[in-house]
Q: 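There's a structure below that I have some questions on.
Here, residue 1 is the first one in the sequence, and each next residue gets the next number. Below, each value reflects all heavy atoms present in this structure, side chains not excepted, and no hydrogens, waters or symmetry copies.
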Amino acid sequence: MLIASVSNTLTNNMKEMDVKRGDGSELQINDRVASEGHYGSVKFIGTLPDTKGVWIGVDWDEAERGKHDGSHNGQRYFSARHPTSGSFVRGKKLDLGINCFDAVVDRYGKIDDPNAGVITEELFVVGSNQKKTVVEMVGAKSVNEKQSKLDTLQEVVLRGCLVYGVGESPEKLSKCTPQIQELDLSLNLLPSWPRLAAICKCLPNLTDLNASDNRLEMPTDVTELCDSFSNVKVLKLNRVHYSWQQLLECCKGFPCLQQLHVCFNNLSSVHSPGSQLQNLVLLNLESNCLESWDQILQLDICSRLESLILNDNKISSITFPDASLGSKTKFFSNLKHVYINNNRISQWSCINELNKLKSFEDLQIHGNPIQETASPETVRQLIIAKVANLKKCQRTEVTNEERKGAEIDYLKRFGGDWLKSGGNQDLSLNSPNQEFLTQHPRFQHFVKVYGAPESSEMSKKPQKLKDSLIEIKIVNPDDPNVKPLQKKLPGTMTVQKLKALIQRLYKADSEIKLSYVSKKMEGFEVDFDNDLRPLNYFSIEAGDTVYARWS
């Protein structure tokens, strides 16, 4: 037999002592509580036989946090989710939470203290000799004075502040903080969507809401709460333990949603959102358990989607089956940014597929097996060559010079395979087989733009150091009095080391700027724009001329 969740034998004194918060509000069944950094849901408030006072039955989020399943001496008082997640706790040992307005005042209110509440004794660094050096905090008071003007606050972070709801006086929040646009309510004591909606209803300018790390009970009809979220464009629901379908149900309450972050929800599948999410431009599915690219394709119904974040999943392939290589897919016509770090992409055919996207220009793909197929520099060059409109790769801008170098290098790298497959420097006889074209769909374009690679460029050279040296000419084009030099340099030498060498040779004191002109493309100057890159990264060859400028 399950005992009533709230005992009828409670006295008013007991209630006031153990189940009332500081603002006078009373703890209810299904409210959230905390204790020593652990969170749980209230499932019972009442007395237990042979004991005095009020007990609160808590079903902890952590399965091993409690001692039982909601039973005591053979009698069940509530049903815990796990056999050992239930506890009976005195109210004085629990944090029952505070209302949102009090949390804002606690976090941002004015502090009458010269250091604005900063504990200066804790501000120090420990040197190698283990001596402590005090660090001076500058500007804390002026920052506090600026933030304490609550009516001007636009961004408010209340993560972990134990907010349970709007409280008994919602007008305080709406009157004193009318300008809030971004609100972080992650990791609080919000038990339900109505409680969250009541807070947001007081903030008419709210556009960015973070409700992550809360255990919000699914609403019966979230559309009834639309007025509270009418202007919210960015929603974060990370670690809320919802299925994809539940997340979609929640999004029905956000008519203007443009960005949705649903990370760390253990999602193993997604499906078409139907008529929902039509305004979405960014979808973040990071750190879930997604494997199927076919399911990702179902998200194409979000026709305005520009950014798709799939980091830390289990995706092993990327395909757009509706389009042949060299043509564009109908899927994701506005998609520009794909972040797919730390997945299981191992085939270069996946990169070829990304070139089918009409608007694609930004890729992050760190931590995939494909990164192990060559050096990081080579992998980057291959990606740039394979994706025609890529403007940013691995968070770094792709310059026109880098693209040209990558495409020329691609010609040389795979020129031998091209010849074997039926390629020919005589364009009238140039007919590589389908297997080669499938693996290298842009190669024929490179041949048209840069010309067919020469046999000497495709021959594999010995790996001895003396045979791998590049003989170049170094000149200062701005000063004819500076004598040109001929030097043989290893292709692995970095730009930084070449600058140091030139400074020593010419005894130059000022900063040196380097570029080079290829003997094959006279008049086209390529900047050495990264000091840490090796010379062969820029596709420099024997006979090329390096321009060294200094004042």
Q: Using a strict 4.0 Å threshold on nitrogen-to-oxygen distance, state whether K356 and E353 make a salt bridge.
A: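 So K356 pairs with E353 through a salt bridge.
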Q: Centroid-to-centroid, Y547 to Y516, below 6.0 Å?
A: no
Q: Taking the six-membered ring of Y537 as reference, does the NZ or CZ atom of R533 fall below 6.0 Å from its centre and within a 45° cone about the axis?
A: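 Yes, R533 and Y537 form such a contact.
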Q: Verify whether one side chain among W550 and D479 offers a donor that lies under 3.5 Å from an acceptor in the other.
A: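 The criterion, which ignores hydrogens and geometry beyond distance, is not satisfied for D479 and W550.
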Q: Should the pair D478-R549 be classified as a salt bridge under the 4.0 Å nitrogen-to-oxygen rule?
A: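 R549 and D478: salt-bridged.
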Q: Would you mind checking if K236 and D184 are paired as a salt bridge, meaning a charged N to carboxylate O distance below 4.0 Å?
A: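 Salt bridge flag = no for K236 with D184.
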Q: Can you confirm whether the side chains of R239 and N265 place a donor and an acceptor under 3.5 Å from each other?
A: no
Q: Between D362 and K391, does at least one N-O distance fall below 4.0 Å, as a salt bridge requires?
A: no
Q: State which residue, out of D529, D409, D527, fulfils the side chain to side chain contact (heavy atoms under 4.5 Å, CB included) condition with F538.
A: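 Of the listed options, the one satisfying the test is D529.
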Q: In terms of relative ring orientation, are F443 and Y410 parallel, tilted or perpendicular, with 30° and 60° separating the classes?
A: tilted
Q: Is any NZ, NE, NH1 or NH2 atom of the basic residue among K386 and E407 found under 4.0 Å from an Asp or Glu carboxylate oxygen of the other?
A: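 Not counted as a salt bridge, because no side-chain N and carboxylate O are separated by less than 4.0 Å.
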Q: For P453 and W418, work out which heavy atoms get closest and say how close.
A: CD-CZ3, 3.9 Å
Q: Looking at CG of L237 and CD of Q246, how far apart are the two atoms once the value is rounded to the nearest 0.5 Å?
A: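 Answer for the CG-CD pair, L237 versus Q246, is 11.5 Å.
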Q: Check whether the side chains of R159 and S186 place a donor and an acceptor atom closer than 3.5 Å, and report yes or no.
A: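 The criterion, which ignores hydrogens and geometry beyond distance, is satisfied for S186 and R159.
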Q: State, yes or no, whether a side-chain contact exists between K488 and I472 at a heavy-atom distance under 4.5 Å.
A: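 Side-chain contact under 4.5 Å: no.
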Q: When L185 is tested against each of L190, N210, V157, D213 for side chain to side chain contact (heavy atoms under 4.5 Å, CB included), which residue passes?
A: L190
Q: Looking only at side chains, do Q181 and T207 share a donor and an acceptor under 3.5 Å apart?
A: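 No.
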Q: Under the side-chain contact (heavy atoms from CB on, under 4.5 Å) rule, collect the residues that match up with S287, sequence neighbours excluded.
A: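 In terms of side-chain contact (heavy atoms from CB on, under 4.5 Å), with neighbours along the sequence ignored, S287 is linked to F264, D312.
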Q: Can a donor-acceptor pair be found between the side chains of Q394 and Q371 at a distance below 3.5 Å?
A: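 The answer is yes; a qualifying pair exists.
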Q: Does the side chain of N279 pick up a donor-acceptor pair with the side chain of Q258 at under 3.5 Å?
A: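 Distance-only check fails for N279 and Q258.
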Q: Can you find a side-chain donor-acceptor pair between E249 and Q245 that sits under 3.5 Å?
A: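 Yes, because at least one side-chain N or O of E249 sits under 3.5 Å from a partner of the opposite role on Q245.
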Q: Would you give the length of the straight line joining atom CG of L280 to atom CD of Q278, rounded to the nearest 0.5 angstrom?
A: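 Separation between the atoms: 9.5 Å.
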Q: Is it the case that the side chain of N288 and the backbone of V262 share a donor-acceptor pair, with hydrogens and angles ignored and the cut-off at 3.5 Å?
A: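 Yes, N288 side chain to V262 backbone: donor-acceptor pair under 3.5 Å.
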Q: Which value, rounded to the nearest 0.5 Å, describes the distance between L382 atom CG and E377 atom CD?
A: 11.5 Å
Q: When you measure from the side chain of R403 to the backbone N and O of L390, does any donor-acceptor pair fall under 3.5 Å?
A: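 Yes, R403 side chain to L390 backbone: donor-acceptor pair under 3.5 Å.
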Q: Could you walk me through whether H440 and F446 pass the ring pair (Phe, Tyr, Trp, His ring centres under 6.0 Å) test, one step at a time?
A: CA-CA 10 Å; H440 310 283; F446 299 154; 9.9 Å; no
